[in-house]
Student: 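Sharing a structure with you now.
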Amino acid sequence: AQSVTQPDIHITVSEGASLELRCNYSYGATPYLFWYVQSPGQGLQLLLKYFSGDTLVQGIKGFEAEFKRSQSSFNLRKPSVHWSDAAEYFCAVGATKNTGKLIFGQGTTLQVKP
Amino acid sequence: EAQVTQNPRYLITVTGKKLTVTCSQNMNHEYMSWYRQDPGLGLRQIYYSMNVEVTDKGDVPEGYKVSRKEKRNFPLILESPSPNQTSLYFCASRIQGGGYTFGSGTRLTVV
């Protein structure tokens with residue numbers, strides 16, 4: 001069965017520092033991977049997705065993620081964090097590109113220190 | 001504006017009183033889905049639909065019903081709500097090969 005693990009429940013970084021949020025998945029074949037962000041009181045917004053091809057994926061708001069098959073990981077990165085990046089971040093996995101079923105991790109809350 | 005619209009945004013109801021949360025999308029998306037979000041549990045999929053009249057269970061379907069009679073609408077029905085269904089609910093839609101677009105959420109409290 002597919003599963004997604006986000007090992008860090010809460011992360012605090014200083015504004016301007018780099019960020020890496022971890023995501024590990026469990027799935028036999030090549031999964032379809034997503035990162036979403038949820039600002040307080042808001043719905044979820046898609047940051048980026050990986051289906052195939054280049055393993056380094058660029059997203060919105062200056063975020064990128066790297067798919068590493070050998071490590072079953074899809075970590076999200078940003079070189080320099082802004083205070084407005086404080087939010088909850090969710091990694092998600094789908095079995096196929098056209099699946100309706102999408103499984104989410106438990107989320108990582110990012111706090112940004114001034 | 002392309003969006004997924006859920007109504008109501010907030011709802012307080014009593015145990016056993018049937019309710020429906022509506023969801024509508026204006027993007028002509030084939031796929032639609034319902035999720036519930038609970039602290040510490042992330043988002044869990046309740047039901048999803050891959051097209052009109054095609055629905056399937058997600059991970060937590062018990063106590064919920066859905067229907068997809070039209071492409072744009074995907075209502076979530078709680079026939080007999082219970083307090084353990086108190087949660088934040090999200091509707092979402094997507095095209096083939098795309099990520100889900102989420103609605104703004106419905107906060108349901110069952111007392």
Student: Ring centroids only, cut at 6.0 angstrom: are Y50(A) and F67(A) within range, meaning strictly under it?
Tutor: yes
Student: Walk me through whether E79(B) and K65(B) qualify under salt bridge (Lys or Arg N to Asp or Glu O under 4.0 Å).
Tutor: CA-CA 8 Å; E79(B) 294 269 4; K65(B) 284 176 58 177; 2.9 Å; yes
Student: Checking F102(B) against chain A: side chain, backbone, both or neither under 4.5 Å from a heavy atom?
Tutor: both
Student: What part of D59(B) gets closer than 4.5 Å to chain A, counting heavy atoms only: side chain, backbone, both or neither?
Tutor: both
Student: Among the clusters formed by ILVMFWY side chains lying less than 4.5 Å apart, do V60(B) and V110(B) turn up in the same one?
Tutor: yes
Student: I'd like to know if D8(A) and R22(A) make a salt bridge, using a cut-off of under 4.0 Å between side-chain N and carboxylate O.
Tutor: yes
Student: Check each atom of Y35(B) against the heavy atoms of chain A and say whether the ones under 4.5 Å are side chain, backbone, both or neither.
Tutor: side chain
Student: Checking the side chain of Q6(B) only, and the main-chain atoms of C91(B) only, is there a donor and an acceptor separated by less than 3.5 Å?
Tutor: yes
Student: So what's closer than 4.5 Å to chain A heavy atoms on Q37(B): side chain, backbone, both or neither?
Tutor: side chain
Student: Which region of E88(A), side chain (C-beta onward) or backbone (N, CA, C, O), has a non-hydrogen atom less than 4.5 Å from a non-hydrogen atom of chain B, or is it both or neither?
Tutor: side chain
Student: Select, from Q38(A), Q106(A), K101(A), the one with the greatest count of heavy-atom pairs under 4.5 Å involving chain B.
Tutor: K101(A)
Student: Please determine, among I103(A), L102(A), L46(A), the option with the most heavy-atom pairs under 4.5 Å with chain B.
Tutor: L102(A)
Student: Between atom CD1 of I46(B) and atom CD of Q85(B), what is the distance when rounded to the nearest 0.5 Å?
Tutor: 8.5 Å
